[in-house]
Amino acid sequence: MSGYARRGVHGQTVETIAHRVLSGRIGEGDTLDLGALQSELGVSLTALRESLKVLAAKGMVDARQKRGTFVRPRADWHFLDADVLRWQFESAEGPDAGAGNPLLRDLGEVRGIVEPAAVRLAAERRTDADLAALDDAIDAMTQASEVGDEAVDADLAFHRALLAASHNEMLERMEMVIATGLAFRDRLVHASGHRPQNPVPSHVAVLDAVRARDADGAEAAMRALLDQSAKDLDKIRREGDG
């Protein structure tokens with residue numbers, strides 16, 4: 001159970017409606033039948049309206065007199081909101097599900113732009129505290145099993161620490177986007193049964209370069225890490241197509 005689903009009936013209602021919108025079951029411009037939703041979901045009208053306020057704050061729905069509550073155009077959604085990103089990954093169906101999800105392609109492209117640049121800055125600006133956080137993440141990655149939440153959490157901790165070591169507040173905020181997609185990607189790889197290469201050496205190579213203040217080496221090591229990540233996904237996608 002994740003996100004709003006942990007928050008009881010209210011959270012589950014938010015998640016249910018969000019998934020229907022993001023999967024297209026409730027389309028852009030559609031007006032929501034609040035009475036039908038209230039009956040189907042077994043919630044009070046107050047709880048339903050509170051749930052819709054959450055989605056309105058994320059740009060997904062709006063309410064107007066005479067028109068009622070309706071789904072806003074996709075261009076208005078707060079696409080980089082962590083919940084909206086997660087819901088999009090979770091709501092994908094058919095050929096867009098799993099490794100075929102186009103968001104994973106987009107994520108890979110964003111990571112290829114952001115993370116090599118971020119590690120260059122990290123190599124130039126890292127502090128002893130940054131190195132300690134990165135060391136802790138590597139230790140957790142080493143101790144974690146190849147599958148499971150521990151491995152995912154350790155991977156996320158490493159990439160978060162790298163962005164933080166850039167000491168660029170805007171890059172640090174990219175953590176929300178990268179972490180959401182990376183968590184989905186890691187769980188997808190683990191759930192597929194595919195055994196990727198041991199991730200520790202590639203991450204250690206990045207850390208060693210950052211520790212040595214070698215910006216060129218850090219960038220090269222990060223690009224190699226991202227290339228291997230892309231290959232793992234391509235293998236899962238091909239196996240799924242076969």
Peer 1: Look up atom CD in Glu50 and atom OG in Ser44, then write down how far apart they are to the nearest 0.5 Å.
Peer 2: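 Glu50 atom CD to Ser44 atom OG measures 9.0 Å (nearest 0.5 Å).
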Peer 1: Quick check: closest heavy atoms across Val177 and Leu107, and the distance to 0.1 Å?
Peer 2: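 Closest approach of Val177 to Leu107: O-CD1, 4.2 Å.
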Peer 1: State, yes or no, whether a side-chain contact exists between Glu15 and Trp87 at a heavy-atom distance under 4.5 Å.
Peer 2: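 Yes, close enough: below the 4.5 Å cut-off.
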Peer 1: Nearest 0.5 Å please: distance from the CG atom of Leu45 over to the CD atom of Gln38.
Peer 2: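 Reported to 0.5 Å precision, the distance equals 5.0 Å.
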Peer 1: Walk me through it: do Leu171 and Leu121 pass the test side chain to side chain contact (heavy atoms under 4.5 Å, CB included)?
Peer 2: CA-CA 10 Å; Leu171 281 174; Leu121 293 177; 3.7 Å; yes
Peer 1: Does Arg120 pair with Glu219 as a salt bridge, N-O distance under 4.0 Å?
Peer 2: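 Here Arg120 pairs with Glu219 in a salt bridge, since their nearest N and O are under 4.0 Å apart.
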Peer 1: Of all the heavy-atom pairs spanning Leu52 and Val61, show the shortest one and how long it is.
Peer 2: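 Reported closest heavy-atom pair: O-CG2, 3.5 Å.
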Peer 1: Between Thr180 and Met176 (side chain of the first, backbone of the second, donor and acceptor by atom type, cut-off under 3.5 Å), is there such a pair?
Peer 2: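 Yes, Thr180 side chain to Met176 backbone: donor-acceptor pair under 3.5 Å.
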Peer 1: Are more than 12 heavy atoms from other residues, nucleotides or ligands located less than 6.0 Å from atom CZ of Arg49?
Peer 2: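 Count not over threshold, so no.
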Peer 1: Please check this pair: side chain of Arg126 against backbone of Arg211, looking for a donor-acceptor N/O pair closer than 3.5 Å.
Peer 2: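 The answer is yes, because a donor-acceptor pair under 3.5 Å joins these two groups.
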Peer 1: Tell me whether Arg67 is salt-bridged to Asp62, with the criterion being a basic N under 4.0 Å from an acidic carboxylate O.
Peer 2: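 Not counted as a salt bridge, because no side-chain N and carboxylate O are separated by less than 4.0 Å.
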Peer 1: So Leu32 and Phe70, do their side chains get closer than 4.5 Å, heavy atoms only?
Peer 2: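 No - every pair of side-chain heavy atoms lies 4.5 Å or more apart.
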Peer 1: Give the minimum heavy-atom separation between Leu22 and Val84, together with the two atoms involved.
Peer 2: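 Taking Leu22 first and Val84 second, the nearest heavy atoms are CD1-O, 4.1 Å.
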Peer 1: Could you go through the salt bridge (charged side-chain N to carboxylate O under 4.0 Å, His left out) check for Glu28 and Arg74 one step at a time?
Peer 2: CA-CA 7 Å; Glu28 297 177 46; Arg74 183 181 176 88; 5.8 Å; no
Peer 1: Measuring from atom CG of Leu103 to atom CZ of Arg86, what distance do you get when rounded to the nearest 0.5 angstrom?
Peer 2: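 Result: 13.5 Å between the selected atoms.
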Peer 1: Within a strict 4.5 Å, meaning less than it, do heavy atoms of the Glu90 and Phe184 side chains meet?
Peer 2: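 Glu90 does not reach Phe184 side chain to side chain.
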Peer 1: Where is the tightest heavy-atom contact between Gly181 and Leu104, given as atom of each residue plus distance?
Peer 2: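 What the structure gives for the nearest pair is O-CD2, 4.4 Å.
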Peer 1: Spell out, yes or no, whether Val119 and Ile113 are grouped together once hydrophobic residues are joined by side-chain heavy atoms under 4.5 Å, including indirect joins.
Peer 2: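 Different clusters.
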Peer 1: Take Leu225 and His203 through the test side chain to side chain contact (heavy atoms under 4.5 Å, CB included) and record every step on the way to the result.
Peer 2: CA-CA 7 Å; Leu225 187 159; His203 287 71; 3.6 Å; yes
Peer 1: Within the distance-only criterion (no hydrogens, no angle test), does the side chain of Asp130 pair as donor or acceptor with the backbone N or O of Thr127 below 3.5 angstrom?
Peer 2: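 Checked: pair present.
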Peer 1: Measure the spacing between CG of Asp76 and NZ of Lys58 and express it to the nearest 0.5 Å.
Peer 2: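 With rounding to 0.5 Å, CG (Asp76) is 15.5 Å from NZ (Lys58).
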Peer 1: Hey, does Arg25 have a side-chain heavy atom less than 4.5 Å from the side chain of His19?
Peer 2: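 When only atoms from C-beta onward are counted, Arg25 and His19 do not touch, as no gap falls below 4.5 Å.
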Peer 1: Side chains of Met174 and Val110: does their closest heavy-atom pair fall under 4.5 Å?
Peer 2: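 Touching, per the 4.5 Å side-chain cut-off.
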Peer 1: Check the pair Asp232, Arg185 against side chain to side chain contact (heavy atoms under 4.5 Å, CB included), reporting the backbone distance first and the verdict last.
Peer 2: CA-CA 10 Å; Asp232 289 336; Arg185 178 260 174 206; 3.4 Å; yes
Peer 1: Decide yes or no for Leu226 and Pro116: does some side-chain heavy atom of the first lie under 4.5 Å from some side-chain heavy atom of the second?
Peer 2: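 In contact.
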Peer 1: Please give me the minimum heavy-atom distance between Gly217 and Ala209, naming the atom from each residue.
Peer 2: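 The pair with the smallest heavy-atom distance is C-CB, 3.6 Å.
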Peer 1: Rounded to the nearest 0.5 Å, what's the gap from CD1 on Ile138 to CG on Leu131? Could you check?
Peer 2: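 Between atom CD1 of Ile138 and atom CG of Leu131 there are 11.5 Å.
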Peer 1: Using atom types as modelled and distance alone, determine if a side-chain donor or acceptor of His159 lies under 3.5 Å from a backbone N or O of Ala179.
Peer 2: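 Pair absent, no side-chain N/O of His159 close to backbone of Ala179.
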Peer 1: State, with a plain yes or no, whether a side-chain heavy atom of Met60 is found less than 4.5 Å away from one of Asp83.
Peer 2: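 No; the side chains remain at least 4.5 Å from each other.
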Peer 1: Hey, could you give me the CD1/CG distance between Ile178 and Leu156, rounded to the nearest 0.5 Å?
Peer 2: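 Rounded to the nearest 0.5 Å, the CD1-CG separation comes out at 11.0 Å.
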Peer 1: Side-chain contact test, heavy atoms from C-beta onward, threshold under 4.5 Å: evaluate it for Leu182 versus Phe158 and give yes or no.
Peer 2: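 Not in contact.
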Peer 1: Can you check whether Thr13's main-chain N or O pairs, donor with acceptor, with Thr16's side chain at less than 3.5 Å?
Peer 2: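 The answer is no, because no donor-acceptor pair under 3.5 Å joins these two groups.
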Peer 1: Side chains of Thr142 and Asp139: is there a donor and an acceptor less than 3.5 Å apart?
Peer 2: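 Note: Thr142 and Asp139 side chains miss the donor-acceptor criterion.
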Peer 1: Between Arg125 and Glu172, is there a salt bridge with N-O shorter than 4.0 Å?
Peer 2: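 Judged by the 4.0 Å cut-off on N to carboxylate O distance, Glu172 and Arg125 do not form a salt bridge.
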Peer 1: Can you tell me if CZ on Arg173 sees more than 12 non-hydrogen neighbours from other groups inside 6.0 Å?
Peer 2: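 At most 12 heavy atoms, drawn from other residues, nucleotides or ligands, come within 6.0 Å of this atom.
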Peer 1: Is it true that a side-chain atom of Ser202 and a backbone atom of Pro199 form a donor plus acceptor pair closer than 3.5 Å?
Peer 2: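 Present.
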Peer 1: Identify the heavy atoms of Ala63 and Thr69 that sit nearest to each other, and give their distance.
Peer 2: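 Heavy-atom minimum between the residues: CB-OG1, 3.8 Å.
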